Every structure is written in C-alpha cells, then in structure tokens.
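Note that the structure is predicted; figures quoted are calculated from it, not measured. Every chain is numbered from 1, with letters handed out A, B, ... down the list of sequences.
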There are 2 protein chains.
Amino acid sequence: MKNSLKVERAKKDFTQADLAERVGVSRQTINAIEKGSYNLSTILALKIAKIFETELENIFQLEETDWK
Amino acid sequence: MKNSLKVERAKKDFTQADLAERVGVSRQTINAIEKGSYNLSTILALKIAKIFETELENIFQLEETDWK
DNA sequence: ACTTAATGTAAAACAAACTTTACTTAAAGT
DNA sequence: ACTTTAAGTAAAGTTTGTTTTACATTAAGT
C-alpha cells in the first residue's frame, strides 16, 4: 500500500509527533507508516484522513502487490 | 467503527463466503467484521471498497467511541 | 422429514499492529 | 561548539487481527 502521509503532513506543517498525538498513537507508529510496508488499521487510517480533511483514498492507495 | 457491509453485500447478492474469497480472507473474518467491534486492516478495507465499487467511507465510518 | 446453503459463534494458534524505551543522525538556531 | 527539534531506526513486549477447525442454527427446496 502506498501513502502520501508525508506530503499531507507538510501541507499542514505537522510533525510526526503532532500527528501521532492527534490520532492517539506513538510517533514511531507514524514513522513506520510513512516508511510504507505497514498495514495500519482502518480506524487509524480514517482518523488520519479526518485530521487532514480529505478522503482516505487520497492518502492510502492499494498497489498490485496488495492483491497477494 | 460502524459498517454497512451487510447492505453492500445484499446489493451485489454476495454471500459472506463470496466476499471472503474475493478479498482473500476467511469467511469468519468477514462475519466478524459485519458483527462490528472489529478493527480490520486498511488494505482489507480498501479491497472491500474496491469490490463494491464505492469509497471506503461509504462502507466504514468512525464512531465517537473510536476516538478513545 | 431430509438436505443443502448461508450464517453465527467459539477456542486455540499464529501473524501482524502498535507501544515503549532508547540510541542515532541531520538540520537549524544561538 | 553547543543545544534543540524532527526524523530514522531497532529490539522486546503487549495487544489485536486473522486463520483454522469445528459445531449449531435458520431458511429454503425437494
């Protein structure tokens, strides 16, 4: 799964720690998500989308390899 | 988190087993998701949305209690 | 009554998300 | 040079998603 978290964070000028606090996870979790290769929970993804005032699909997108 | 999986399944006339096979999980996983009280992964939620040709937010929605 | 298909549910086991602690590096400000 | 802030990373531990196997229930068809 791809994601544009880093870009969205930049738009709002949030640090990883800022975002982590707002959505209630650790900073390392945000860092790991940005690195990719990490399948976060739907609730967390929805929270992140809400914080960035956009749709989840605008931030997180399936890749070919996600279909096994 | 609320979800309208059951309704979406009905629209397409899919059984739980049908859906499970299409997204690559077990039937029990689909059943558990429909029951609610279950925070599925984002990749799985995106796959489900894609199968139903709609946006993830149309199927899965945050509730107050999801914010801790 | 019998069979079949769909669903509900449960327990044990496994895989993966997420936390905590902690150390490192890079950039920017003073 | 020194300090501070943001980011990268790693290992151990806890929690939770997901699978597997298995059995029960309900509705529909014959």
Kindly point out which of D:dA6, C:dT9, C:dA6 is positioned nearest to the side chain of B:Lys35?
C:dT9
Contacts of type salt bridge (charged side-chain N to carboxylate O under 4.0 Å, His left out), residue B:Lys12, not counting sequence neighbours
B:Glu53
Interatomic distance, B:Arg9 CZ vs C:dA5 P [rounded to whole Å]:
17 Å
With nearest nucleotide decided by heavy atoms, which residue, B:Ala32 or B:Asp18, maps closer to the 5′ end of DNA chain C?
B:Asp18
Taking only residues two or more places apart in sequence or in another chain, which ones pass side chain to side chain donor-acceptor pair (under 3.5 Å) with B:Lys11?
B:Glu8
Identify, with sequence neighbours excluded, every residue that meets side chain to side chain donor-acceptor pair (under 3.5 Å) alongside A:Asn3.
none
Report yes if at least one side-chain N or O of A:Asn31 is closer than 4.0 Å to OP1 or OP2 of D:dA7; otherwise report no.
no
Sorted by chain and residue number, the side chain to side chain contact (heavy atoms under 4.5 Å, CB included) partners of B:Glu55 (sequence neighbours excluded) come out as A:Glu55, A:Glu57, B:Glu57, B:Asn58
Check the distance between C:dA6's C1' and B:Asp13's CG and give it to me in whole angstrom.
12 Å
B:Gln16 CD to D:dA27 C1', straight-line distance once rounded to whole Å
15 Å
Can you list every salt bridge (Lys or Arg N to Asp or Glu O under 4.0 Å) pair that touches residues 17-41 of chain A, not counting sequence neighbours?
A:Arg9-A:Glu34
Rounded to whole Å, the CD1-P distance (B:Ile30 to D:dG17) equals 14 Å
Just the rounded figure in Å: distance from P of C:dG8 to CG of B:Leu5.
12 Å
Output the rounded distance in Å from CD (A:Glu21) to C1' (D:dT5).
15 Å
Quick one, B:Leu56 and A:Phe60 - any side-chain contact, counting heavy atoms below 4.5 Å?
no
Which residues share a side chain to side chain contact (heavy atoms under 4.5 Å, CB included) with A:Thr29, sequence neighbours left out
A:Val25, A:Ser26, A:Ile33, A:Tyr38, A:Leu44
A:Thr54 side chain to A:Ala49 backbone, donor-acceptor under 3.5 Å:
no
Could you run down nucleotides 18-30 of chain C 5' to 3' and tag each one B, S or - for protein heavy-atom contact under 4.0 Å?
BBBBB--------
Partner residues of B:Ser4 under the side chain to side chain donor-acceptor pair (under 3.5 Å) criterion, sequence neighbours left out:
none
Bend angle of the helix from C:dA1-D:dT30 to C:dT30-D:dA1, from helix axes over five pairs at each end, nearest 10°
40°
